[in-house]
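Below is one structure, written out as structure tokens; the observations come after it.
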Amino acid sequence: MNNEYVDLRSDTVTKPTPEMREAMAEAEVGDDVYGDDPTVNKLQEKAADMLGKEAALFVPSGTMGNLLAIMAHCARGEEVICGDKSHIYVNEAGGMAVLGGVYPHPVANQKDGTLRLEDIRASIQPDDSHRTITRLVCIENTQNMCGGVVLSVDYTKQVGQLAKENGLKFHIDGARIFNAAAALDVDIKELVAPADSVMFCLSKGLAAPIGSMLVGTKDFIAKAFRGRKMLGGGMRQVGVIAAAGLISLEKMTGRLKQDHARARNLYEGLKQVSGLRLEAEPSSNMVYFTLADRITLSENQIIDEMKKYDVMVDWSAPRQFRLVTHYWVDDAGVEKTIKAFAEVLK
Ligand code: TLP
């Protein structure tokens, strides 16, 4: 691997593979706002087909994909039930409220990443003119801030059933849904079948430089298409980027188990390092841990010290770190990281 650093800050740091760069250089393009870009059209068809939905839309980022989904499902003044540790609630700058006029109704994420069904049920607003109107329930799979945990097919079905019974729409923030499907060893179609819409990212573990996909019914995607224009996300000759996304879907989805195995190796190695308290064994590509009380170095000092060993890490909360494995982290990188932590914290 030709990277100078072992970069574990996120899987968002993945650079395009040489094969992607070649495909990008050769991509056929057209004006995608006219629907004329053949490479984008191919990517959208492939994404819809792989996830078993009617249609798909290529969008610049996961954040925009989630926002478009919320705005397509909900009118202003309506409400979304979502996790209190979900990306859409914590990490999207309040976009649903600021830009969509949509009200988030947070429900506690359990340690296993789920929202308890009884909590979702209890959060649905009664038909009362004092209240907002509950329109959408959203889950995240894998659930980033709960350790990258994977939510099961069965749980997803139960949320889908609950949503249906109560006339709600159901969206999955599946930024890393291919990681979830790989960890569960299931066809992704089965995992997302209960959802009305899914957003997933090409730019994380799937290593494309830019881009996410939104999938759902034709009508839903037509609304999202209009919303994307409104938000300034119409991207013209964007086949040059979609070409990388096609390789993500064709080649990168099949290798994610390697990243999960490396995350487990990293976890096992770091467990032996004095000064670190490891959290639950990783079920996908994220390793979370906290610093033991005896460690007096600050988070930023640790980051700087690790850089001296050519390892880049980031903290996720006070005294907590998150390391993410991906295509550009190999076995040697895992070993190097474990050794560097042992040196820095000794
Ligand atoms: N997550 C990033 C940071 O924003 C925290 C990361 O490093 O993990 N949904 C989920 C579950 C995400 O983790 C992210 C990005 C997004 C949506 C947003 O995707 P982008 O960055 O493409 O807008």
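Side-chain atoms are counted along with the backbone in the values below, which use heavy atoms only and exclude waters and symmetry mates. As the structure lists them, so they are numbered: ligands from 1, and atoms in each ligand from 1. Residue indices begin at 1 and follow the sequence shown.
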Once you restrict both partners to nitrogen or oxygen, which atoms of ligand 1 have a protein partner under 3.5 Å, and how far apart are they?
{"from": "ligand 1", "atom 1": "1 (N)", "to": "His87", "atom 2": "NE2", "distance (Å)": "3.3"}
{"from": "ligand 1", "atom 1": "4 (O)", "to": "His87", "atom 2": "NE2", "distance (Å)": "2.8"}
{"from": "ligand 1", "atom 1": "7 (O)", "to": "Ser10", "atom 2": "OG", "distance (Å)": "2.7"}
{"from": "ligand 1", "atom 1": "7 (O)", "to": "Arg322", "atom 2": "NH2", "distance (Å)": "2.9"}
{"from": "ligand 1", "atom 1": "8 (O)", "to": "Asn144", "atom 2": "ND2", "distance (Å)": "3.0"}
{"from": "ligand 1", "atom 1": "8 (O)", "to": "Arg176", "atom 2": "NH2", "distance (Å)": "2.8"}
{"from": "ligand 1", "atom 1": "8 (O)", "to": "Arg322", "atom 2": "NH1", "distance (Å)": "2.9"}
{"from": "ligand 1", "atom 1": "8 (O)", "to": "Arg322", "atom 2": "NH2", "distance (Å)": "3.4"}
{"from": "ligand 1", "atom 1": "9 (N)", "to": "Asp173", "atom 2": "OD1", "distance (Å)": "3.1"}
{"from": "ligand 1", "atom 1": "9 (N)", "to": "Asp173", "atom 2": "OD2", "distance (Å)": "2.7"}
{"from": "ligand 1", "atom 1": "13 (O)", "to": "Asn144", "atom 2": "ND2", "distance (Å)": "3.0"}
{"from": "ligand 1", "atom 1": "13 (O)", "to": "Arg176", "atom 2": "NH1", "distance (Å)": "2.9"}
{"from": "ligand 1", "atom 1": "19 (O)", "to": "Lys204", "atom 2": "NZ", "distance (Å)": "2.9"}
{"from": "ligand 1", "atom 1": "22 (O)", "to": "Gly62", "atom 2": "N", "distance (Å)": "2.8"}
{"from": "ligand 1", "atom 1": "22 (O)", "to": "Lys204", "atom 2": "NZ", "distance (Å)": "3.4"}
{"from": "ligand 1", "atom 1": "23 (O)", "to": "Gly62", "atom 2": "N", "distance (Å)": "3.4"}
{"from": "ligand 1", "atom 1": "23 (O)", "to": "Thr63", "atom 2": "N", "distance (Å)": "2.9"}
{"from": "ligand 1", "atom 1": "23 (O)", "to": "Thr63", "atom 2": "OG1", "distance (Å)": "2.6"}

| Looking just at side-chain N and O atoms, do Gln320 and Ser316 make a donor-acceptor pair shorter than 3.5 Å? |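 A pair is found: one side chain offers a donor N or O, the other an acceptor, under 3.5 Å apart.
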
| query | Would a distance-only check, ignoring hydrogens and angles, find a side-chain to backbone donor-acceptor pair under 3.5 Å from Glu299 to Arg319? | reply |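 Checked: pair present.
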
| task | Answer yes or no: is there a donor N or O on one side and an acceptor on the other, between the side chain of Ser248 and the main chain of Leu206, under 3.5 Å? | result |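 Looks like yes, one N/O pair under 3.5 Å.
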
Using the side-chain hydrogen bond (donor to acceptor under 3.5 Å, both in side chains) criterion, which residues pair with [X]? Sequence neighbours excluded.
| X | value |
| --- | --- |
| Thr156 | none |
| Lys257 | Asp185 |
| Glu26 | none |

